[in-house]
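The structure appears below as structure tokens.
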Amino acid sequence: DLSIPGSVTSIGKYAFRNCNFTGDIIIGDNQETSKSLTIVQYSFSDCSAAGLKLGKSVTSISDYAFAGTSESKSEWGDNFSRDQDIVTTRDFSGELVIPNSVTSIGNYAFYLCDKFTSLSFEENSQLKTIGDYAFTGYNNYTSIYMGFTGELIIPDGVTYIGNHAFHNCNGFTGELVIPNGVTSIGNYTFYNCSGFTGELIIYNNITSIGDYAFYRCNKLTSLYFEENSKLKTIGNYAFAGYYNGSSSDYSMELTGELII
């Protein structure tokens, strides 16, 4: 195992990039005396490990902190290019638990980390923002399907969920709960999350739903807009079923009436 003590307050850029561990990566601890720890950009990018355990001393997970590689032939630097021809997923396994001390998850933080089997957030979470592409398996050249299963309950304090944040997380099989503090749902946020079931509630604080936001979420059984809604725009293909021009198209399974 790699165990980083709770006395550490910052882990720098590229500190452990491209390290392959046979055991777990354990970052921080749960002691009250522990310092606040920020995992900065690229700290563990391109790493593999049996599992990842985050302690309550972790307060921020920055952009690309644990990301896999999706790059051009040139060196992957700060000016990340999405004109890509190399894709490498990361081999973290088991459950990913975000401790309640974390306030932000950056863009691409867990990008291409496709071997995790579940994603959960501790109770009394202080999380406010989930960045663009934070948990996605999507890139321009191929689709990597994330391994998360079960339900996805986003903490109540979250106000922002980025574009493509859960794109291709099609292993989720339970309900999707979006908290009422969220004011907008970005483009492609839950694209191809085809396993979500049950009712989807759009709370009245949401003002916009982006293009393809729930595209191919075809196992949802009902869609409900809360009373006194502030919703202004619903984007292109926002709730569309999958379409490929053939008889094998997947339609949405929504039942009941639709009142906008």
Side-chain angles (χ1 to χ4, degrees), residues 1-11 23-40 43-44 47 49-67 90 92-111 113-136 146-162 165-166 169 171-183 185 189-190 193 195-196 198 200-201 203 205:
D1 293 349
L2 170 67
S3 184
I4 296 175
S7 59
V8 174
T9 59
S10 181
I11 301 172
D24 293 336
I25 296 176
I26 304 169
I27 304 175
D29 56 38
N30 298 322
Q31 303 300 317
E32 292 183 2
T33 57
S34 298
K35 305 295 185 181
S36 176
L37 170 59
T38 296
I39 303 172
V40 305
S43 294
F44 294 89
C47 282
L52 174 63
K53 299 178 181 179
L54 303 175
K56 292 184 186 298
S57 57
V58 178
T59 57
S60 180
I61 302 171
S62 299
D63 299 348
Y64 303 96
F66 298 95
R90 306 324 308 154
F92 294 110
S93 62
E95 63 179 357
L96 174 60
V97 179
I98 305 298
N100 57 20
S101 53
V102 172
T103 60
S104 63
I105 297 173
N107 301 332
Y108 295 88
F110 294 96
Y111 179 60
C113 294
D114 67 325
K115 301 299 191 298
F116 286 118
T117 56
S118 66
L119 171 64
S120 62
F121 302 87
E122 282 188 339
E123 292 184 357
N124 303 313
S125 175
Q126 300 178 49
L127 187 64
K128 301 297 182 186
T129 61
I130 298 174
D132 298 345
Y133 296 86
F135 296 98
T136 191
M146 303 297 277
F148 300 126
T149 60
E151 63 187 5
L152 175 60
I153 300 177
I154 298 171
D156 286 340
V158 172
T159 59
Y160 176 80
I161 305 172
F166 295 94
C169 290
F172 286 120
T173 54
E175 66 176 337
L176 168 63
V177 178
I178 301 172
N180 59 13
V182 173
T183 57
I185 298 172
T189 301
F190 298 100
C193 291
F196 285 130
L200 175 63
I201 299 174
Y203 286 104
N205 282 330

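One is the number of the first residue; the rest follow in order along the sequence.
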### Message
Please evaluate residues Ile178 and Phe190 with respect to the criterion side-chain contact (heavy atoms from CB on, under 4.5 Å), reporting the C-alpha separation (whole Å), side-chain torsions for both, the decisive distance (0.1 Å), and the verdict.
### Response
CA-CA 11 Å; Ile178 301 172; Phe190 298 100; 3.8 Å; yes
### Task
Dump the intermediate steps for side-chain contact (heavy atoms from CB on, under 4.5 Å) on Thr183 and Thr159, then the final yes or no.
CA-CA 6 Å; Thr183 57; Thr159 59; 5.9 Å; no
### Query
Taking it one step at a time, do Val8 and Ile27 satisfy side-chain contact (heavy atoms from CB on, under 4.5 Å)?
CA-CA 9 Å; Val8 174; Ile27 304 175; over 6 Å; no
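For Thr38, the side chain to side chain contact (heavy atoms under 4.5 Å, CB included) partners two or more places apart in sequence, or in a different chain, are Val40, Thr59, Ser60, Ser62. Taking the side chain to side chain contact (heavy atoms under 4.5 Å, CB included) definition, one finds that Ile201 meets it with Glu199, Tyr203, Tyr224, sequence neighbours left out. Here Asp132 pairs with Tyr160 under the side-chain hydrogen bond (donor to acceptor under 3.5 Å, both in side chains) rule; sequence neighbours left out. Listed by chain and residue number, Ile154, Asp156, Val158, Val182 satisfy the side chain to side chain contact (heavy atoms under 4.5 Å, CB included) test with Pro179 (two or more places apart in sequence, or in another chain). For Phe110, the ring pair (Phe, Tyr, Trp, His ring centres under 6.0 Å) criterion is met by Phe66, Phe135, not counting sequence neighbours.
Side-chain atoms of Thr136 never come within 3.5 Å of backbone atoms of Ala165 as a donor-acceptor pair (strictly under, hydrogens ignored). Within the 3.5 Å criterion, the main-chain N or O of Gly94 finds a donor-acceptor partner in the side chain of Thr117. In terms of modelled atom types and a separation under 3.5 Å, the side chain of Asn205 and the main chain of Asn180 share a donor-acceptor contact.
Lys115 approaches Phe92 most closely through the heavy-atom pair CB-O, 2.7 Å. Listed here is the closest heavy atom pair of Asn124 and Asn100: O-CB, 3.4 Å. The minimum heavy-atom distance linking Ser104 with Val102 is given by the pair O-CG1, 3.4 Å. Scanning all heavy atoms of the two residues, the minimum distance from Tyr108 to Ala67 falls at O-CB, 3.4 Å. Contact record, Gly55 with Pro99: O-CG, 3.5 Å, taken as the closest heavy-atom pair. In this structure, Asn107 and Asp63 approach most closely via the heavy-atom pair N-OD1, 2.8 Å.
For the pair Leu54/Val97, no side-chain contact is recorded, criterion being any heavy-atom separation below 4.5 Å from C-beta on. Counting heavy atoms from C-beta on, the side chains of Ile98 and Ile105 come closer than 4.5 Å. No side-chain heavy atom of Leu52 sits less than 4.5 Å from a side-chain heavy atom of Phe44. Using a 4.5 Å cut-off on side-chain heavy atoms (C-beta onward), Thr103 and Leu127 make no contact.
To the nearest 0.5 angstrom, Thr149 atom OG1 is 10.0 Å from Leu119 atom CG. With rounding to the nearest 0.5 Å, the separation of CZ in Phe116 from SG in Cys169 is 12.0 Å. A distance of 12.5 Å separates CD1 of Ile153 from OG of Ser125, quoted to the nearest 0.5 Å. Summarising the geometry, atom OG1 belonging to Thr9 is positioned 7.5 Å from atom CG belonging to Leu37; distances are rounded to the nearest 0.5 Å. Here the CD1-CZ distance, from Ile130 to Phe166, works out to 4.5 Å after rounding to the nearest 0.5 Å.
Note on ring orientation: taking the six-membered ring where Trp is involved, the planes of Tyr133 and Tyr111 are perpendicular (angle over 60°, cut-offs 30° and 60°).
Within the structure, salt bridge (charged side-chain N to carboxylate O under 4.0 Å, His left out) contacts touching residues 51-60 (residues at least two apart or in different chains) are Asp24-Lys53, Lys56-Glu122.
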